[in-house]
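Encoded as structure tokens, the structure appears first; notes follow it.
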Amino acid sequence: MPLPFASALVALLLAGMGIAAFARPAALLAPLGLAAGTADARNEIQAVYGGFGLAMAAMLVAPLWLPELGRGPALMVAAALAGMAGGRIVATLREGGIGRLPALFLGLEAAGAALLLL
């Protein structure tokens with residue numbers, strides 16, 4: 001069973017985020033004005049952005065080896081991405097606006113969720 005294009009694309013983006021978080025944790029969030037000056041901060045970045053991204057990417061490709069999973073992993077990742085996008089919308093309403101980079105992330109998360117639900 002071939003991997004659907006949407007799953008492959010989203011898996012690549014999530015894996016890229018995960019690898020970047022492990023390679024340069026401080027640089028990943030610096031454009032947002034967030035410092036990673038402590039080992040605990042870098043640990044958090046690597047866990048949330050690195051581990052989560054790689055785990056979600058792995059889930060999207062898992063049906064290649066376990067076809068009985070069907071669309072379950074894609075639906076799970078879509079829900080996670082939709083939750084992240086929803087959190088950004090709540091934050092935008094609460095804060096009265098959104099910056100360019102968070103808006104880009106919102107768009108990517110929403111688009112990824114939508115692609116996986118098609």
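This structure is a prediction, so every number in the text was calculated from the model and none was measured. Just so you know, these numbers use all the heavy atoms, side chains as well, and skip hydrogens, waters and symmetry mates.
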- Can you check side-chain contact (heavy atoms from CB on, under 4.5 Å) on Phe105 and Leu32, steps first, answer last? CA-CA 11 Å; Phe105 293 155; Leu32 296 169; 4.2 Å; yes

- Taking all heavy atoms of Leu101 and all of Pro31, pick out the closest pair and write down the distance. CD2-CB, 3.5 Å

- Are more than 12 heavy atoms from other residues, nucleotides or ligands located less than 6.0 Å from atom CZ of Arg71? yes

- Query: Any idea which heavy atoms bring Gly50 and Ala21 closest together, and the distance?
  - Reply: N-CB, 3.4 Å

- Message: Please give me the minimum heavy-atom distance between Ala82 and Ala113, naming the atom from each residue.
- Response: N-CB, 3.9 Å

- Query: Under 3.5 Å, is there a donor-acceptor pair between the side chain of Thr92 and the main chain of Arg88?
  - Reply: yes

- Measure across Leu28 and Ala20 and return the closest heavy-atom pair with its distance rounded to 0.1 Å. CD1-CB, 4.1 Å

- Item | Polar side-chain atom of Gln46 near backbone of Arg42 as donor-acceptor pair, under 3.5 Å | yes

- Note on the structure: On a heavy-atom basis, the closest approach of Tyr49 and Met17 is O-CE, 3.5 Å

- Query: With the 4.5 Å side-chain cut-off for hydrophobic clustering, are Leu12 and Leu81 part of the same group?
  - Reply: no

When the side chains of residues 55-67 are checked against the rest of the protein, which donor-acceptor pairs come out under 3.5 Å, sequence neighbours left out?
none

- Task: Go through the steps for Leu115 and Leu9 under the test side-chain contact (heavy atoms from CB on, under 4.5 Å), then give the verdict.
- Result: CA-CA 9 Å; Leu115 280 172; Leu9 177 63; 4.1 Å; yes

- Find out if a path of hydrophobic residues (ILVMFWY) with successive side-chain heavy-atom gaps under 4.5 Å connects Val77 to Val48. yes

- Query: Apart from Ile89 itself, what residues make up its hydrophobic cluster, given side-chain heavy atom links below 4.5 Å?
  - Reply: Leu93, Ile98, Leu106

